[in-house]
Amino acid sequence: MADLDRDDIEQLMTLTDSFAEVGERSIPKVPALRGKTIAWLFYEDSTRTRLSFETAAKRLSADTMNFSVSSSSVNKGESLRDTVETISAMGVDGIVVRHRAAGAPHRVAEGVDAAVINAGDGWHQHPTQSLLDLYTAREHLGDLDGKHIAIVGDIKHSRVARSNALAFATMGAKVTLVAPKTLLPTHLGGWHFTVTDKI
């Protein structure tokens, strides 16, 4: 989420409004990504995130390339870099990465010309889920400027909580993290949020 400023997020929310309308059509499909190929690079199991990306790609008319870690050369020791180079050589336009290691999507982006989307990396970030949460909150609360948002639970191990805290703050909300000290990140330097262990 740190890659997006408020204007970027506002543009994405406006674009999402138009695609929400597409989803309500009898044939929810547009040619926005016709002729483009998107590859899924999921090193971590996923149901909702993977299906959401696959559905979106099909509705935008993209061709897709599915990569299954369990039946790939990763099981023979192939590195992330080698896998990415192989997929990139096939001429993909975008790669959606989900990985247990924080920073993996950033490393993938350094080695390819394709657009790279972070679909969750370790305890670090899950920006696409956060954008969905922002969109939902905006639908129910309107402008988030000045709203008070509490994120309650295991902040330390939640990449969604980390992304949401940044996203809501970027949109002008006051963010409070609510968790016992054992479930908060050990280092909160640079986090401009209120923190409490009391509800």
(request) Provide the full list of side-chain hydrogen bond (donor to acceptor under 3.5 Å, both in side chains) pairs with a residue in residues 116-125, sequence neighbours left out, each pair given once. (result)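 Sorted result for residues 116-125: N118-D121, D121-H124, Q125-S163.
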(request) Tell me, please, which residues at least two apart from R107 pass side chain to side chain donor-acceptor pair (under 3.5 Å). (result) none
Please check this pair: side chain of [X] against backbone of [Y], looking for a donor-acceptor N/O pair closer than 3.5 Å.
{"X": "S130", "Y": "H126", "answer": "no"}
{"X": "S88", "Y": "V84", "answer": "no"}
{"X": "S158", "Y": "I155", "answer": "no"}
{"X": "S61", "Y": "V30", "answer": "yes"}

(message) If I take atom OG1 from residue T196 and atom CG from residue L184, how far apart are they, to the nearest 0.5 angstrom?
(response) 9.0 Å
(message) For R162, give me all partners under salt bridge (charged side-chain N to carboxylate O under 4.0 Å, His left out), at least two apart in sequence or on another chain.
(response)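 Counting only residues at least two positions away or on another chain, R162 forms no salt bridge (charged side-chain N to carboxylate O under 4.0 Å, His left out).
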(message) Please determine whether a side-chain nitrogen of the Lys or Arg among R50 and E54 lies less than 4.0 Å from a carboxylate oxygen of the Asp or Glu.
(response)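 Yes, charged N to carboxylate O under 4.0 Å.
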(message) Looking at R138 and D133, is any side-chain nitrogen of the basic one under 4.0 Å from a carboxylate oxygen of the acidic one?
(response)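 Looking at R138 together with D133, the answer is no, because their closest N to O distance does not fall below 4.0 Å.
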(message) Restricting to side chain to side chain contact (heavy atoms under 4.5 Å, CB included), what partner residues turn up for D93, sequence neighbours left out?
(response)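 For D93, the residues satisfying side chain to side chain contact (heavy atoms under 4.5 Å, CB included) (neighbours in sequence not counted) are K36, T37.
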(message) According to side chain to side chain contact (heavy atoms under 4.5 Å, CB included), who are the partners of P28, at least two apart in sequence or on a separate chain?
(response)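 Residues passing side chain to side chain contact (heavy atoms under 4.5 Å, CB included) with P28: R59.
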(message) If the condition is ring-ring contact (aromatic ring centres under 6.0 Å, His included), which residues does F53 pass it with, not counting sequence neighbours?
(response)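 F53: no ring-ring contact (aromatic ring centres under 6.0 Å, His included) contacts found.
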(request) Please name the pair of heavy atoms, one in R159 and one in G120, separated by the smallest distance, quoted to 0.1 Å. (result) NH1-C, 3.6 Å
